Every structure is written in C-alpha cells, then in structure tokens.
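Below: one structure, written as structure tokens.
Nothing fancy with the numbering, it's 1 onward along the sequence. Since the structure is predicted, the reported quantities are computational estimates derived from the model, not experimental observations. For ligands, and for the atoms within them, numbers begin at 1 and follow the listed sequence.
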Amino acid sequence: MSEAKKLFIKTYGCQMNVYDSERMAEAMGAQGYVTTENAEEADMVLLNTCHIREKAAEKVYSDLGRLRPLKQAKPGMKIGVAGCVAQAEGAEILRRMPLVDLVVGPQSYHRLPEMLTRTGNGAQVIDTDFPAEDKFDHLPERKALRGPSAFLTVQEGCDKFCAFCVVPYTRGAEVSRPAQRLLSEARALVEKGVRDITLLGQNVNAYHGDGWGLARLIRELARIEGLQRIRYMTSHPNDMEDDLVAAHGDEPKLMPYLHLPVQSGSDRILKAMNRKHTAEQYLRLIERIRAARPDILLTSDFIVGFPGETDADFEATMSLVRAVGYGAAYTFKYSARPGTPAAEKPELPAEVADARLQALQALITRQQRAAQEAMVGREVGVLYDKPGRLPGQMVGKSDHLHAVHVTDPEGQVGQLVRVRITASSTNSLAAELARA
Ligand code: 5AD
Ligand code: SF4
C-alpha cells in the first residue's frame with residue numbers, strides 16, 4: 001500500500017478560517033490525505049488566507065514565492081489558495097503565480113477534492129462561486145477533534161457594510177444555518193468528546209436560522225447533556241437583542257465572556273464608519289449586559305487612524321475604553337481596503353496613526369493586566385486542554401477564557417474543574433483546585 005498523502009495548511013486571520021481549515025482538512029482526509037506540520041514533506045500545500053487588513057494579499061504572494069523551491073524539488077506537489085484573498089484576487093493569483101494549482105473561495109471549498117482531480121500538467125483550476133448549494137451539506141462529518149473545545153459555524157457573511165471592511169464582499173451576504181442541523185452537529189461533537197463550543201459567525205448575533213434568534217439557539221444547545229460551555233463570536237452591538245442579553249444572566253452554560261467590537265469611541269467616526277450606533281448607545285448596552293452578568297469579561301476591536309480621525313476623536317476612543325474596562329482587545333491601524341467606501345478618503349499620516357495605536361495598546365494592556373489580577377483569589381471553572389509543562393500540572397481555559405495553569409496530578413484533558421486563582425503573570429493565571 002502506498003503511504004498516505006500529506007496536506008499542509010497554513011491558516012491566516014480569524015477563527016472562521018481556523019474552522020474552515022479543519023473542515024478542508026477533513027474533506028481532503030476523505031481522499032486519503034493526512035495533515036502535516038511540515039510544508040517540506042507535503043504533497044499538497046493550502047494557504048487559507050485572510051483579506052481583512054493591508055498587505056494581506058502581498059503576504060500571500062510572498063509566501064507563495066517561498067514555496068517555489070519546494071515545488072521545484074517535488075514537481076507533483078499541489079499548491080492551493082483558499083479563503084478571502086482567494087475570493088478577492090481570484091484569477092489574478094493564477095496569473096501572477098503559475099505555480100498555484102487551484103484557487104478556491106470560502107463558500108465553495110467543499111468542491112476542493114473534485115477540483116484537485118482537474119489539476120496537473122500545469123492546469124490551473126479556480127472556483128470562487130457563491131454556490132446555491134450549502135457547502136456544509138457536502139462536507140464529511142466532523143472527525144475526532146483534538147481537544148475538548150470546538151468551533152461551530154452557525155452564520156456566515158455580513159450585511160452591515162462598515163465603510164472600512166471587505167467581509168461583506170469576500171464572505172458575501174448574511175446566511176444562517178438551519179437550527180436543527182446545528183443541534184445535531186453539536187450533539188455529534190459532544191459524542192466525540194467536545195465539552196466547549198464557540199459558535200462562529202461574521203455577525204453571529206444576527207443569527208436567525210429557522211426563525212430562531214441566537215438566544216434560542218444557545219438555550220437549546222445548553223440542553224445537550226455533556227456540553228458544558230458555550231460562547232459566540234463576533235457580534236455587532238446593534239444585534240444584541242434583549243433575549244440574548246438575558247441569556248447571559250440566566251443560562252449557566254453561556255460563559256461570562258463577550259467579544260463586542262465597537263471600533264471607535266467617537267460618534268463622528270462611528271458615523272463615517274457606517275456603524276449605525278453611537279458611543280453612548282454602546283455604553284448603555286454594556287451596562288445592560290453587566291446588569292445581567294456582572295462578572296462578564298468584555299473584549300473589543302478598535303481601529304485607529306480612520307480617515308478624518310482627529311485628536312479629539314481619538315481621545316473619545318480612549319475615554320470609551322476607560323469607561324468600559326476591557327479584559328482584552330485587538331487594536332488595528334486603519335488600512336484602506338480596495339473597493340470599500342473608506343478607501344476613497346485621504347489617509348492620515350502614518351506617524352499619527354502609529355502614535356495613537358501605541359497609546360491605545362498601552363491602555364488596553366494595562367486593562368488586560370488589571371482584569372487578570374482581579375481574578376486572583378476568585379473561584380472559577382477551568383476546562384483542561386492539555387497537560388502543562390511541569391509534572392502534575394494541567395493547562396486549560398477559565399470561564400473568562402484566561403489561560404490557567406493548575407496543579408492537579410490527577411487532572412485529565414477534557415475535565416472541567418473548579419479552581420482558586422492564586423497568581424497572575426503576563427499571559428496566564430496560576431491556580432489550585434478549589435476545596436469542595
Ligand atoms: N483596517 C483596519 N482594521 C480593520 N478591520 C477590519 N477592516 C479593517 C481595515 N480596513 C478590523 C476591525 C474588525 C477586525 C476583525 O478587523 O476592527 O472588527
Ligand atoms: Fe465587517 Fe462591519 Fe460586517 Fe464586522 S459588522 S464583518 S466590521 S462589515
């Protein structure tokens with residue numbers, strides 16, 4: 001028997017891409033491919049790309065350039081480009097990079113195995129359709145998973161059209177998956193040992209499959225025995241319905257963690273960004289969420305240096321951050337994305353944006369430390385992902401998604417324990433088992 005073929009996938013960008021990469025690996029697995037961590041031994045290399053910020057496409061082209069000697073040494077090697085750069089650049093990739101065998105968009109990757117059969121002898125194959133059929137109906141069932149945590153895509157695409165963002169163009173319009181399908185997929189995951197599910201969507205809280213909102217879906221998922229934790233990301237403030245806020249207060253399996261990007265604290269900039277909410281509305285929403293779940297850990301995304309952002313606008317962002325007190329946040333310097341409305345506007349000088357980015361990052365880092373330190377002495381749940389580096393130690397995620405090292409010689413991967421946090425270091429917490 002011949003050896004299994006090897007697939008190397010490099011994943012860029014968001015959690016949705018991490019999820020898509022797993023599903024593509026499974027689709028290729030059904031064709032006899034096993035994954036490898038080493039591109040050099042691969043029979044197929046797949047770059048699952050992200051287009052959200054600047055230089056994304058250029059990075060992909062330079063990564064492809066670096067694959068050239070590998071392919072020259074191993075002429076049968078296949079190279080594929082998937083994800084949002086594939087969607088946005090399309091045939092341009094094939095033109096610029098003759099070594100690429102196939103280009104596949106985020107909505108058509110269930111066709112990957114079939115596309116692969118059409119490659120060879122220099123034939124280049126492309127599929128960036130938004131097909132009528134649902135890719136999830138055509139993908140193999142989820143395999144055994146690596147740890148107790150899994151992603152589950154419940155919604156894709158976005159109809160919000162924030163002025164800076166390519167997602168509505170690369171991922172397409174909002175589509176929710178049928179609720180019953182998601183419940184049976186979640187049950188299957190739990191049977192395979194999953195204890196913790198993060199529901200994914202570009203606009204996940206706009207979920208409306210089978211007439212259910214996200215809150216209803218979460219409540220039904222919570223009834224699955226053996227499933228212990230539920231989270232969801234990424235949400236838009238305008239889609240935080242009352243029943244979802246309420247679920248944070250009364251659904252114990254819904255973890256006290258919420259990623260709720262605001263992007264800016266200036267109403268003028270929010271308007272220019274087409275966010276359709278004010279800073280005040282966001283702050284009121286945070287109050288309601290905290291009233292429902294006082295210990296919730298909040299995270300956000302911020303863009304600094306959006307066209308037209310003044311010192312006063314930036315100061316408004318800093319004061320919103322101070323008012324909220326985040327557990328963590330991603331901070332980005334604005335970068336013009338071709339085809340988006342904001343790309344038409346003049347950009348700020350790079351030094352101005354850089355200085356603002358640094359100031360915001362420093363504030364966020366302080367808040368992140370403070371949030372971690374505030375955990376010391378508290379009791380929380382931890383779900384073990386893996387053994388720690390020291391003997392008798394386990395590593396896992398807390399309810400609030402902090403990485404926690406626990407001294408627990410009897411600990412098992414997949415076990416959910418109660419711990420008392422004893423110390424906070426830069427990127428993790430230390431804990432001991434809580435006494436019953
Ligand atoms: N420039 C900078 N950051 C961006 N993001 C999206 N588009 C851009 C852009 N053009 C950020 C937003 C979004 C996150 C995923 O990426 O903050 O929430
Ligand atoms: Fe992009 Fe805005 Fe949609 Fe988020 S809500 S994916 S930032 S357009």
Side-chain angles (χ1 to χ4, degrees), residues 11-19 49-59 83-85 87-88 106-107 153-176 200-208 214 232-240 258-266 269-277 281-282 285 298-309 313-314 317 320-321 324 326 328-348 350 352-354 356-357 360-361 364:
T11 306
Y12 308 64
C14 67
Q15 263 88 3
M16 180 81 76
N17 267 10
V18 174
Y19 176 85
T49 62
C50 169
H51 201 232
I52 197 101
R53 277 172 297 274
E54 201 179 16
K55 303 204 180 87
E58 287 315 310
K59 227 166 68 193
C84 293
V85 173
Q87 190 66 40
Q107 300 310 340
T153 294
V154 305
Q155 177 278 337
E156 278 190 89
C158 180
D159 297 341
K160 293 282 191 292
F161 291 92
C162 298
F164 49 80
C165 185
V166 287
V167 166
Y169 311 97
T170 57
R171 287 276 174 171
E174 262 180 33
V175 179
S176 294
L200 293 183
Q202 270 87 31
N203 231 308
V204 71
N205 60 339
Y207 176 81
H208 58 268
L214 188 65
Y232 60 92
M233 71 190 316
T234 293
S235 296
H236 192 287
N238 292 2
D239 292 316
M240 280 313 286
L258 179 63
H259 183 58
L260 193 61
V262 64
Q263 313 295 355
S264 169
S266 153
I269 295 300
L270 287 168
K271 192 156 199 284
M273 286 177 165
N274 193 32
R275 290 287 294 181
K276 301 201 170 80
H277 61 76
Q281 283 164 338
Y282 180 85
L285 173 60
L298 294 162
T299 67
S300 180
D301 294 341
F302 292 93
I303 296 177
V304 302
F306 189 80
E309 187 186 69
D313 293 321
F314 176 66
T317 297
L320 178 139
V321 173
V324 174
Y326 287 101
Y330 296 100
T331 50
F332 305 108
K333 192 161 73 161
Y334 170 74
S335 76
R337 313 307 296 124
T340 60
E344 312 289 310
K345 300 192 187 161
E347 284 179 49
L348 296 194
V352 174
D354 285 332
R356 289 178 188 168
L357 186 66
L360 180 58
Q361 271 171 348
I364 299 280

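No donor-acceptor distance shorter than 3.5 angstrom exists from the side chain of Asp239 to the backbone of Asn205, with no hydrogens or angles considered. In terms of modelled atom types and a separation under 3.5 Å, the side chain of Gln155 and the main chain of Gly157 share a donor-acceptor contact. Between the side chain of Tyr334 and the main chain of Glu347, no donor-acceptor pair closer than 3.5 Å is present. A donor-acceptor pair is defined here as one N or O able to donate and one able to accept, closer than 3.5 Å; no such pair exists between the side chain of Thr11 and the backbone of Asn17. Thr49 places a side-chain N or O within 3.5 Å of a backbone atom of Val85 that can act as its donor or acceptor partner. Using modelled atom types, no side-chain atom of Asn203 and backbone atom of Glu174 make a donor-acceptor pair closer than 3.5 Å.
Looking only at heavy atoms of the protein, atom 6 (C) of ligand 1 is closest to Ile52 CG1, 3.4 Å. Scanning the protein heavy atoms around atom 7 (N) of ligand 1, the nearest turns out to be Phe164 CD1, 3.3 Å. Given atom 9 (C) of ligand 1, the protein heavy atom at minimum distance is Ser335 O, 3.5 Å. Among protein heavy atoms, atom 16 (O) of ligand 1 sits closest to Arg53 NH1, 2.7 Å. When only non-hydrogen protein atoms are considered, atom 2 (Fe) of ligand 2 lies nearest to Cys162 SG, 2.3 Å. In terms of protein heavy atoms, atom 15 (C) of ligand 1 is closest to Asp301 OD2, 3.7 Å. For atom 2 (C) of ligand 1, the closest non-hydrogen atom of the protein is Lys333 O, 3.4 Å.
Inclusion of Arg337 in the set of residues having an N or O under 3.5 Å from an N or O of ligand 1 is not warranted. Every N/O-N/O distance between Phe332 and ligand 1 stays at or above 3.5 Å. Annotation: Gln263 places an N or O atom under 3.5 Å from an N or O atom of ligand 1; distance criterion only.
At a heavy-atom distance under 4.0 Å, only backbone atoms of Phe161 (N, CA, C or O) approach ligand 2. Residue contacts with ligand 2 for Asn203 involve side-chain atoms from C-beta outward but no N, CA, C or O (heavy atoms, distance under 4.0 Å). When heavy-atom distances to ligand 1 are checked against a 4.0 Å cut-off, Ile303 comes that close only through its side chain, counted from C-beta outward.
Under 2.8 Å from atom 1 (Fe) of ligand 2 lies an N/O/S atom of Cys165, whether from backbone or side chain.
In summary, the atoms of ligand 2 found under 4.0 Å from a heavy atom of Lys160, numbered by their order in the structure, are 3 (Fe), 5 (S). The ligand atoms of ligand 2 that sit less than 4.0 angstrom from a heavy atom of Phe164 are 7 (S).
Atom CD in Gln202 sits 8.0 Å away from atom OG1 in Thr153 (nearest 0.5 Å). Remark: Gln263 CD to Thr331 OG1 distance equals 11.5 Å, nearest 0.5 Å.
For Phe161, the CZ atom is densely surrounded, since the number of other residues' heavy atoms within 6.0 Å is greater than 12. When the shell of 6.0 Å around NZ of Lys160 is examined, it contains more than 12 heavy atoms from other residues, nucleotides or ligands.
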Test log, rule ring pair (Phe, Tyr, Trp, His ring centres under 6.0 Å), inputs Tyr326 and Phe302: CA-CA 12 Å; Tyr326 287 101; Phe302 292 93; 5.6 Å; yes
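Among Asn238, Val167, Asp239, Val166, the residue whose heavy atom sits closest to atom 6 (S) of ligand 2 is Val167. The residue from Gly201, Cys158, Pro261 that puts a heavy atom closest to atom 3 (Fe) of ligand 2 is Cys158.
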